[in-house]
Amino acid sequence: MKPNIINVSLNHKFNNISYPIFIGNDLLSNCEEILKIFISKRKVILIHDSFFSLNNENNEQFISFVEIIKKLTASLNLIGIPGGDKSKNISQLEYIVEESLSFKIDRGSLIIAFGGGVIGDIAGFAASILLRGIDFIQIPTTLLAQVDSSVGGKTGINSSKSKNLIGSFHQPIAVMADIDILKTLPRREFLAGFVEVIKYGLIYDFEFYNTLEKNYKDILNYDHLRLNEIIRKSCEIKSCIIRNDEKENGKRALLNLGHTFGHAIESFGKYDGTIIHGEAVSIGICLAFKLSSKMGYCPITETERVINFFKKLNLPTSLQQFSNLSITTSKMLRKFKYDKKNKNNQFTFILNKKIGKSFIKNNMDKKILIKFLDDEI
Ligand code: GLY
């Protein structure tokens with residue numbers, strides 16, 4: 001079956017950028033035609049999650065992918081790093097950059113990121129700074145990366161202060177999402193990625209949210225058609241939002257629904273797996289809806305509907321479920337201070353008027369926020 005292709009087009013003042021996202025089944029073992037024009041004999045550095053190994057016969061898709069790349073270039077070098085947010089730091093970045101340079105890359109060389117969100121973000125960041133910027137391709141292998149992080153050019157690493165504070169906007173030249181690889185994902189990772197899919201419905205598309213509520217069982221059973229549909233739809237919504245706002249000066253911030261809370265919560269877990277990104281965002285979205293209702297923006301019935309859906313999916317919905325992280329209101333506020341959406345020392349949150357309609361709330365009243373958090377913790 002031919003892959004679906006979505007074109008991401010960004011309206012730049014002087015040069016429009018456009019790149020394809022290929023979505024389909026069994027693409028990793030059949031990608032020669034797709035990748036031929038992008039690789040065309042360039043030197044390739046394949047930065048991959050070290051979970052995938054050429055010595056592990058269970059990693060068939062990775063092995064066939066590497067075989068295809070070898071056919072398309074005479075020069076291929078691999079750099080494996082562990083997936084997960086623990087790797088998203090400056091020493092891992094330094095390792096990638098120094099290793100890549102030791103392979104004598106030039107400005108025509110190409111980085112391919114093969115893995116989940118962390119691999120894509122750090123490899124993309126390396127691509128953006130090596131020799132002042134070289135091309136890269138995203139091969140996302142988790143649901144979260146396929147529907148969100150591989151698209152839109154946000155790259156970076158975490159700082160000790162908070163998540164994703166060091167990085168750049170650097171668009172890939174292509175993205176290829178193979179649905180079959182999702183079967184290798186632990187259920188917990190799959191559900192965490194599904195949160196970002198639901199997020200699109202909540203921000204922008206009530207009908208899409210309805211479909212997800214209706215068909216979630218098929219999706220959790222890896223129904224190919226449904227997966228294809230939700231990944232395609234998510235990428236369409238994302239590319240539509242970023243078309244006119246690549247650098248998040250406006251509407252792109254909506255994609256941050258649940259993330260101000262989420263990033264803070266996640267950092268209290270020290271990225272050791274106690275709570276993973278999508279789970280923290282799941283709580284963050286529930287909190288954003290609750291806050292929207294508390295402030296009179298969103299009917300409580302809508303908020304309850306969202307929370308019930310997340311509960312049905314066995315996703316965390318409240319801070320109290322993570323009392324082991326010793327979260328307090330003042331610790332949360334300290335984290336919010338590093339949020340990239342803040343303006344003039346004022347917090348910005350993404351709130352909702354209803355399901356399918358998020359908005360940007362600047363100058364958040366701190367007293368309301370403190371009272372809200374005190375009640376929630
Ligand atoms: N993940 C949010 C964004 O790409 O803007």
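Note that ligands are numbered from 1 as they come in the structure, with each ligand's atoms numbered from 1 the same way. Side chains included, hydrogens not; waters and symmetry mates left out as well; all remaining heavy atoms used.
- Under 4.0 Å from ligand 1, the heavy atoms of K238 that appear belong solely to its side chain.
- Between R252 and E246, no side-chain nitrogen of the basic residue sits less than 4.0 Å from a carboxylate oxygen of the acidic one, so the salt-bridge criterion is not met.
- In terms of protein heavy atoms, atom 5 (O) of ligand 1 is closest to R252 NE, 2.7 Å.
- A distance-only check finds a donor-acceptor pair linking the side chain of T303 to the backbone of F289 [under 3.5 Å].
- At least one N/O-N/O distance between K154 and ligand 1 falls below 3.5 Å.
- A salt bridge links R232 and E236; the closest N-O separation between the charged side-chain nitrogens and carboxylate oxygens is under 4.0 Å.
- Distances below 4.0 Å separate heavy atoms of D148 from the following atoms of ligand 1: 1 (N), 2 (C), 4 (O).
- The side-chain hydrogen bond (donor to acceptor under 3.5 Å, both in side chains) test with K341 is passed by exactly one of T348, N362, N256: N256.
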